[in-house]
There are 2 protein chains.
Amino acid sequence: MGAAVIGARSAWAVRENAPAGLGILDAIGVIRHLTPHESLAVEGDAADRFHLVMSGVVAAYKATADGRRQIIAFHFPGDPVCLSTAGTVYDHSAEAVGHVTVCSVSRTRVREYTKQVPSLRHGLLDAVRREMAAAHERLLWLGRKTALERLACFLLECASRVGEPQGNGHQVVPLPMNQQEIGDYLGLASETVSRTLTELGRDGTIEVLRPFSGVVIRDMQRLEATTDEGTLQPAAGP
Amino acid sequence: MGAAVIGARSAWAVRENAPAGLGILDAIGVIRHLTPHESLAVEGDAADRFHLVMSGVVAAYKATADGRRQIIAFHFPGDPVCLSTAGTVYDHSAEAVGHVTVCSVSRTRVREYTKQVPSLRHGLLDAVRREMAAAHERLLWLGRKTALERLACFLLECASRVGEPQGNGHQVVPLPMNQQEIGDYLGLASETVSRTLTELGRDGTIEVLRPFSGVVIRDMQRLEATTDEGTLQPAAGP
DNA sequence: CGACTGCTTGAGTCTGCTCAATAAAGGTGG
DNA sequence: CCACCTTTATTGAGCAGACTCAAGCAGTCG
């Protein structure tokens, strides 16, 4: 019941955050609690349900036969999970990063519900399109950006999702995923993530929280600049 | 008028190829002919229309401030272009690769039409989801695959779209885009594309058509194997 | 209080990039 | 039809960003 109350509270919070029209889905879904690394979906399994993140972070990923892994997206509270699956099977896997609460809805249930609430379908389409735009952005990161640029992009993305402004212009960005997972998201080795975070910390752009649990953005301007010219000399004039 | 006839013929061909329910859109669209590199959409512009490729190939791409470019997708005949845009502006650009015929439809027109043909909305959602799955696949390529693996994946993808089986097991794959564009799609330099194609040709997996206009897949099995273990030794036994 | 997991840091290697020179095709205009 | 010019592809040499392998160090949790 404690869990139920928490679930209900999260539901309300999400209802306001969620993409237009999607929040109502928690009304017909089931609250579920996941432990770290617990699986929500496995690539190739029958795609019978999708989910709405209530608290915590879910990683959607694909893997190669020899164990390399690429995280497709981190889903924060309010985000749909596995919504974009086209056919009858999941095209990617999804698992909890840390402890997670989700609201799970069966696809048949959504289909029925759509008949009663036609606007829902537009909400679904819009949510998938939003995910699509994010995927496009990440293709640019992975195909054409340096490690430093990717990290800067990543931190700014997380800041826009879960950043807590501090009044003094700084912004605290809690990161529940570990550096290996960040690497799997950015197409980098975890060692490179560590080195690059250290580098951003050394020049004062960010402060890395120890033990690693997030960062504080100290110089937003410089971080935004790093987004696109990671190789630019710090003191390079015109 | 000659053009109109060609347009109409293409329309029929596409109507059969197009994703479920989308083909009918050519009925309310306008046929348009594009010359090489002619622009269909520019990132940031008002997203007022989308398109259906009738013939030729369209490249959807994003670029950084300093000129690096990442091609998000190559759209073949039957594919929708700019369908996935979420907001009021395009999240990516699109241009013709070679000569292209498209069918352009305004978004307002689609909205009206959707009221008459409700199933269309499901077709749209499904088409976007299909694109999403393709984008996920490419994130894995860019984040975690070697140049050799990416090329193999790319050739197999093109083969499944436009490959012409030759009876002897070989498959002719015409490629209208140049090697720079393939590089921009795979996150590689054009020199790397050239070298890697040569390598695949040297070991007999493919034959590169000269002057470059496509490849012939000579050993499908080996190409599929290269997809996932590009670094595996050719003669490595257990 | 150990064992474990995750992070840091170093050394060396390698894949793929950059820069550059050459060659081959295709297009243009005389 | 041919000479010229531009664009695209090939190939080499050298470089560098990021990876791998490895050791050491917290911090956490039984």
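Below, all heavy atoms of this structure are taken into account, side chains as well, without hydrogens, waters or symmetry copies. Just so we're on the same page: letters track the sequence lines, and every chain starts at 1.
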Note to self: Checking H51(A) now: which residues fulfil ring-ring contact (aromatic ring centres under 6.0 Å, His included) with it, not counting sequence neighbours?
What the structure shows: none
Check: Given atom CZ of R144(B) and atom C1' of dG16(C), what is their separation to the nearest angstrom?
Finding: 16 Å
Checklist line | For D228(A), all residues meeting side-chain contact (heavy atoms from CB on, under 4.5 Å), sequence neighbours excluded | finding: K145(A), T64(B), A65(B), D66(B), R68(B)
Check: With sequence neighbours left out, which residue pairs that include part of residues 158-183 of chain B fulfil the ring pair (Phe, Tyr, Trp, His ring centres under 6.0 Å) condition?
Finding: none
Item checked: Rounded interatomic separation in angstrom, taking CZ from F212(B) and C1' from dT7(D) -> 15 Å
Notebook entry, point to check: dT11(D), dT8(D), dG16(C): which one has an atom nearest the side-chain heavy atoms of N178(B)?
Noted result: dT8(D)
Next item on the list: Starting from P on dA18(D), measure out to CG on L197(A) and report it in whole angstrom.
Entry: 14 Å
Check: How would nucleotides 22-30 of chain D be written as a contact map, 5' to 3', with B for base contact, S for sugar-phosphate-only contact and - for no contact, using protein heavy atoms under 4.0 Å?
Finding: -----SS--
Next item on the list: Return the residues of residues 181-190 of chain A meeting this criterion: a heavy atom under 4.0 Å from some atom of DNA chain D. Order them by number, or give none.
Entry: G187(A), L188(A), A189(A)
Check: Tell me: CG of L151(B) to C1' of dT15(C), nearest whole Å?
Finding: 14 Å
Notebook entry, point to check: Listed in order of residue number, which residues of residues 66-76 of chain A have a non-hydrogen atom at under 4.0 Å from DNA chain C?
Noted result: none
Margin query: Let's see if you can work this out: which of dA18(D), dT9(C), dC7(C) has an atom nearest to the side-chain heavy atoms of T192(A)?
Written below: dA18(D)
Note to self: Test of understanding: with ring-ring contact (aromatic ring centres under 6.0 Å, His included), list the residues that count as partners of H75(A), not counting sequence neighbours.
What the structure shows: none
Check: Does any N or O donor sit under 3.5 Å from an N or O acceptor when you compare the side chain of R195(A) with the base of dG10(C)?
Finding: yes
Item checked: Nucleotide dT8(D), atom P - distance to CD of Q180(B) in whole Å -> 9 Å
Checklist line | Closest-nucleotide ordering on DNA chain C, the 5'-leading residue of R150(B) and R202(A) | finding: R202(A)
Notebook entry, point to check: How close or far is atom C1' of dA18(D) from atom CD of E199(A), stated in whole angstroms?
Noted result: 12 Å
Notebook entry, point to check: Would you say the side chain of P174(B) lies within less than 4.5 Å of the side chain of E164(B), judging by non-hydrogen atoms?
Noted result: yes
Check: Taking only residues two or more places apart in sequence or in another chain, which ones pass ring-ring contact (aromatic ring centres under 6.0 Å, His included) with Y61(B)?
Finding: none
Check: Who are the side-chain contact (heavy atoms from CB on, under 4.5 Å) partners of T35(A), not counting sequence neighbours?
Finding: E38(A), H99(A)
Next item on the list: List for me each residue that meets ring-ring contact (aromatic ring centres under 6.0 Å, His included) alongside Y185(A), sequence neighbours excluded, and say none if there are none.
Entry: F74(A), F154(A)
Margin query: For a quick check under 3.5 Å, do E43(B) and H92(B) share a side-chain donor-acceptor pair by atom type?
Written below: no
Notebook entry, point to check: If only side-chain N and O atoms of T198(A) are considered, is one of them under 4.0 Å from the OP1 or OP2 phosphate oxygen of dT9(C)?
Noted result: yes
Margin query: Distance check needed: dG16(C) P versus K145(B) NZ, whole Å only.
Written below: 13 Å
Next item on the list: Taking all non-hydrogen atoms of both residues into account, name the closest pair between G204(A) and R218(A) and its distance.
Entry: O-CB, 3.5 Å
Report, one line per pair, each donor and acceptor closer than 3.5 Å where one atom sits in a side chain of residues 192-201 of chain B; sequence neighbours left out.
{"unit_1": "T196(B)", "atom_1": "OG1", "unit_2": "T192(B)", "atom_2": "O", "d": "2.6"}
{"unit_1": "T198(B)", "atom_1": "OG1", "unit_2": "S194(B)", "atom_2": "O", "d": "2.9"}

Notebook entry, point to check: Who pairs with D91(A) by side-chain contact (heavy atoms from CB on, under 4.5 Å), at least two apart in sequence or on another chain?
Noted result: T85(A), A133(B), H136(B)
Item checked: Separation of atom NE2 in H37(A) from atom C1' in dG6(C), rounded to whole Å -> 11 Å
